[in-house]
Amino acid sequence: MAAKRHERTYARKQAIQVLYQAEILDTTASSLLGNEASFIDGSRPSQYATRLIGGIEERLAPIDALLEEYSENWTVDRMPTVDRAILRLACYEMAYVEEVPVSVAINEAVDLAKEYGGEDESHRFVNGVLGRIAEYLEEHEGKMPEVAAKPKAKAEAEPEPEAEPEPAGESER
């Protein structure tokens with residue numbers, strides 16, 4: 001059992017490395033999986049790391065919606081990149097990986113934040129957000145919110161309509 005725990009801890013570290021790099025390089029995490037240079041030790045990603053990365057990418061919209069809702073005074077985009085990766089990973093495990101207890105997902109995320117967190121208080125921030133998400137999941141029987149996928153980039157979105165100019169001489173008084 002201890003060996004499996006250590007394998008999963010290692011897989012989580014691999015997943016965090018890839019998720020972080022994908023954000024920095026502005027690419028998908030799954031596109032980095034085949035590149036051994038994506039991993040500090042030059043290893044191949046474990047099956048569990050691959051599962052985590054694919055699952056996070058597939059369910060990013062509901063994961064980010066939950067993070068946005070329960071990270072008080074923070075938007076997902078403003079979070080330090082590594083903290084965002086850790087939170088996404090833990091949220092995915094809490095909601096979608098039945099064999100990982102919620103408490104284990106939270107503890108592992110807090111440990112990752114202590115080791116790699118973007119700020120001195122990252123582990124406390126991660127613990128607080130995930131604690132609130134755990135309460136939400138318990139209240140909603142583990143169901144994630146229904147959310148439409150976010151657009152990939154602002155440039156791809158439809159342009160906003162331009163405001164119509166007021167006719168000459170008809171200004172408000």
Suppose we screen for side-chain contact (heavy atoms from CB on, under 4.5 Å). Which residues come up paired with [X], at least two apart in sequence or across chains?
{"X": "S122", "value": "D83, A113, E119"}
{"X": "L19", "value": "A29, I56, A85"}
{"X": "S31", "value": "T27, T28"}

Kindly compute the distance separating [atom1] ([X]) from [atom2] ([Y]), expressed to the nearest 0.5 Å.
{"X": "L67", "Y": "S71", "atom1": "CG", "atom2": "OG", "value": "6.5 Å"}
{"X": "I53", "Y": "L89", "atom1": "CD1", "atom2": "CG", "value": "8.5 Å"}
{"X": "I16", "Y": "E108", "atom1": "CD1", "atom2": "CD", "value": "11.0 Å"}
{"X": "I106", "Y": "M94", "atom1": "CD1", "atom2": "CE", "value": "4.0 Å"}
{"X": "C91", "Y": "I63", "atom1": "SG", "atom2": "CD1", "value": "5.5 Å"}
{"X": "K13", "Y": "D111", "atom1": "NZ", "atom2": "CG", "value": "9.0 Å"}

Qualifying salt bridge (Lys or Arg N to Asp or Glu O under 4.0 Å) pairs, either residue in residues 92-106, two or more places apart: R8-E99, R12-E93, R51-E99

Pairing residues for [X] by the side chain to side chain donor-acceptor pair (under 3.5 Å) criterion, not counting sequence neighbours:
{"X": "E69", "value": "none"}
{"X": "R84", "value": "E23, T81"}
{"X": "Q17", "value": "none"}

Results of ring pair (Phe, Tyr, Trp, His ring centres under 6.0 Å) for Y96 - residues two or more places apart only: Y92

For M79 against L87, the heavy-atom pair lying closest together: SD-CD1, 3.7 Å

ring-ring contact (aromatic ring centres under 6.0 Å, His included) partners of residues 49-68, not counting sequence neighbours, each pair once: none

All pairs passing ring-ring contact (aromatic ring centres under 6.0 Å, His included) where residues 108-132 contributes a residue, at least two apart: W74-F125

Non-hydrogen side-chain atoms of L25 and L32 separated by less than 4.5 Å: yes

Non-hydrogen side-chain atoms of S46 and E7 separated by less than 4.5 Å: no

Expected list for residues 126-136: side-chain donor-acceptor pairs under 3.5 angstrom, two or more places apart:
from	atom 1	to	atom 2	distance (Å)
R132	NE	Y70	O	2.9
R132	NH1	G128	O	3.4
R132	NH2	Y70	O	3.0

Any donor-acceptor N/O pair, E57 side chain to S30 backbone, under 3.5 Å: yes

Any donor-acceptor pair under 3.5 Å from Q14 side chain to R44 backbone: yes

